[in-house]
Amino acid sequence: MIEAPTARTYRRRAVIAFWVVSGVVGLLTGWVCSSFWPPVGALLFGLLVGAVCGAVVFALIVAWPVLRVFWHWLPEIGIAVLLLRGWSTLMASAAPLVSLLVLLTVVGVPAAVGPLRRGVVGWFLCLVVRHRLRVCFSAFVKSRGREAFP
């Protein structure tokens with residue numbers, strides 16, 4: 001799913017971010033805690049908090065290529081979850097004939113009425129165009145080092 005050079009780049013950045021965040025958070029936490037605790041206890045606690053924060057940053061940076069895909073598809077995922085949840089709630093709480101009538105009304109009225117249909121198609125095309133633009137810009141960024149247009 002993720003290309004090997006990209007994964008190596010993110011892993012290298014994640015290691016650097018781990019050490020930077022661990023050091024900064026560990027030192028600051030130890031310094032703040034040293035006014036309340038003994039110095040050794042504050043140092044150990046600072047090291048622990050720094051390591052935990054560094055590990056969280058490391059995991060987020062390594063997982064970012066996958067998380068980014070979910071972020072780009074979040075509206076579609078949300079719509080699908082809402083539709084499935086609404087459908088299952090409707091089927092569980094109403095009789096089959098009532099569920100069929102509600103479904104026909106919710107789907108049929110926008111399909112039959114021109115302005116509603118154009119609005120629904122417009123919203124759908126907004127989602128499609130958003131993905132097309134993202135893919136297009138990604139291709140432009142990849143060809144940045146080469147002359148894309150002779």
Side-chain angles (χ1 to χ4, degrees), residues 1-30 32-33 36 44-150:
M1 180 175 179
I2 306 301
E3 298 170 352
T6 303
R8 277 194 304 271
T9 301
Y10 276 95
R11 188 177 262 326
R12 189 175 339 114
R13 289 178 183 169
V15 168
I16 293 169
F18 170 79
W19 287 113
V20 170
V21 170
S22 294
V24 171
V25 171
L27 285 174
L28 289 175
T29 303
V32 169
C33 290
F36 302 110
L44 292 176
F45 185 70
L47 290 174
L48 176 69
V49 171
V52 168
C53 290
V56 169
V57 169
F58 178 87
L60 285 174
I61 291 174
V62 168
W64 178 245
V66 176
L67 294 175
R68 187 175 55 203
V69 171
F70 283 110
W71 178 254
H72 288 308
W73 286 91
L74 189 62
E76 291 83 357
I77 293 169
I79 290 169
V81 166
L82 286 175
L83 287 175
L84 290 173
R85 179 67 181 160
W87 174 257
S88 63
T89 303
L90 178 65
M91 294 305 290
S93 63
L97 184 58
V98 173
S99 297
L100 180 63
L101 290 175
V102 169
L103 181 65
L104 287 176
T105 304
V106 168
V107 173
V109 169
V113 178
L116 289 176
R117 181 179 58 247
R118 286 187 288 277
V120 170
V121 168
W123 278 101
F124 175 75
L125 288 178
C126 283
L127 292 174
V128 170
V129 168
R130 183 175 62 92
H131 288 295
R132 286 183 178 175
L133 284 173
R134 185 178 50 79
V135 169
C136 177
F137 292 149
S138 174
F140 284 143
V141 168
K142 286 181 182 174
S143 67
R144 182 180 61 196
R146 294 173 254 133
E147 187 174 330
F149 302 103

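Count residues from 1 along the sequence. What you see is a predicted model, and the numbers here were worked out from it, not measured in a lab. What's counted below: heavy atoms across the whole structure, side chains too, no hydrogens, waters or symmetry copies.
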- request: Could you list the residues that satisfy side chain to side chain contact (heavy atoms under 4.5 Å, CB included) with Val120, not counting sequence neighbours?
  value: Pro110
- request: Sequence neighbours left out, what pairs pass salt bridge (charged side-chain N to carboxylate O under 4.0 Å, His left out) with at least one residue falling in residues 86-96?
  value: none
Pairs touching residues 118-127 that satisfy salt bridge (charged side-chain N to carboxylate O under 4.0 Å, His left out), sequence neighbours left out: none
query: With sequence neighbours left out, which residue pairs that include part of residues 97-126 fulfil the ring pair (Phe, Tyr, Trp, His ring centres under 6.0 Å) condition?
result: none
For Cys33, side chain to side chain contact (heavy atoms under 4.5 Å, CB included) partners two or more places apart: Thr29, Trp37, Ala42, Phe45
message: Going by side chain to side chain contact (heavy atoms under 4.5 Å, CB included), name the residues that satisfy it together with Ile77, two or more places apart in sequence or in a different chain.
response: Phe70, Trp73, Val81
message: So, applying side-chain contact (heavy atoms from CB on, under 4.5 Å) with Thr105, which one of Val107, Leu103, Val109 is it?
response: Val109
- prompt: Can you name the residues that form a side chain to side chain contact (heavy atoms under 4.5 Å, CB included) with Leu125, not counting sequence neighbours?
  reply: Val121
message: I want to check something: taking the side chain as every heavy atom from C-beta on, are Leu104 and Leu100 in contact at a cut-off of under 4.5 Å?
response: yes
- prompt: In terms of heavy-atom contacts, does CZ of Arg117 have more than 12 from other residues, nucleotides or ligands at under 6.0 Å?
  reply: yes
message: What's the separation between atom CG in Leu74 and atom CD1 in Ile79, rounded to the nearest 0.5 Å?
response: 10.0 Å
Pairs involving residues 75-92, ordered by first then second residue, that meet side-chain hydrogen bond (donor to acceptor under 3.5 Å, both in side chains) (sequence neighbours left out): Glu76-Arg130, Glu76-His131
message: Once salt bridge (charged side-chain N to carboxylate O under 4.0 Å, His left out) is applied, what residue pairs with a partner in residues 11-20 remain, sequence neighbours excluded?
response: none
Hey, can you pull the donor-acceptor pairs under 3.5 Å for the side chains in residues 49-65, sequence neighbours left out?
none

